[in-house]
Structures are given as C-alpha cells and as structure tokens.
Amino acid sequence: MEKSTTIQEISQRLKVLPLEQQRKVLDFILELSDEPPKQYPGKNLLQFVGTISKEDLEIMKQAIEEGCEQIDESQW
C-alpha cells in the first residue's frame with residue numbers, strides 16, 4: 001500500500017471514531033514517533049470528584065493497608 005493511500009485510509013477511519021479513541025490513536029502515533037503525548041491538566045480530573053462512594057473508598061483503603069508495606073522475608 002502506498003504512503004498516501006495508507007494516510008487516507010487512516011484518516012477516513014479516524015474520522016468515525018469517538019473523540020476519546022481519536023486521542024488514543026494520537027497518543028499511540030506520538031509514542032511511535034518518540035514524541036511525548038500531550039499532557040492534560042489535573043483540573044480535568046475534577047469531574048470525577050465524589051464519584052466513588054465512601055463505602056468503596058473504605059474498601060480500597062483497607063485493601064491498601066492489608067496488602068502494602070508488608071515484607072515476605074521468604075521471598076527475598
């Protein structure tokens with residue numbers, strides 16, 4: 001396949017993808033070209049504040065406390 005044909009096919013397929021998948025494709029292309037992916041500001045994460053229930057947060061906290069900072073000396 002010629003370069004221009006490949007670029008045209010990629011472009012056509014990219015146009016029908018949802019925006020989030022288009023961003024993933026862009027990140028992949030940047031990774032292949034050794035360019036760092038675009039950084040997104042932390043403020044974009046604010047939309048997720050409060051989306052995890054307190055019960056789930058407590059479960060996550062317990063799992064971290066039980067599973068982290070423990071040394072299994074037989075594994076060393």
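All residue numbers refer to positions in the sequence shown, counting from 1. Note that this is a predicted model, so its numbers are computed, not measured.
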Audit row: Val49, Leu46, side-chain contact (heavy atoms from CB on, under 4.5 Å) steps and yes/no: CA-CA 5 Å; Val49 170; Leu46 291 175; 4.1 Å; yes

With Leu14 via side chain to side chain contact (heavy atoms under 4.5 Å, CB included) - residues at least two apart: Leu17, Gln22, Val25

Straight-line distance of Gln62 CD to Ile64 CD1, nearest 0.5 Å: 10.5 Å

Minimum side-chain heavy-atom gap Asp56-Ile59 below 4.5 Å: yes

Donor-acceptor under 3.5 Å (Ser33 side chain, Ile29 main chain): yes

Under-4.0 Å salt bridge between Arg13 and Glu9: yes

Euclidean distance, Thr51 OG1 relative to Leu45 CG, rounded to 0.5 Å: 10.5 Å

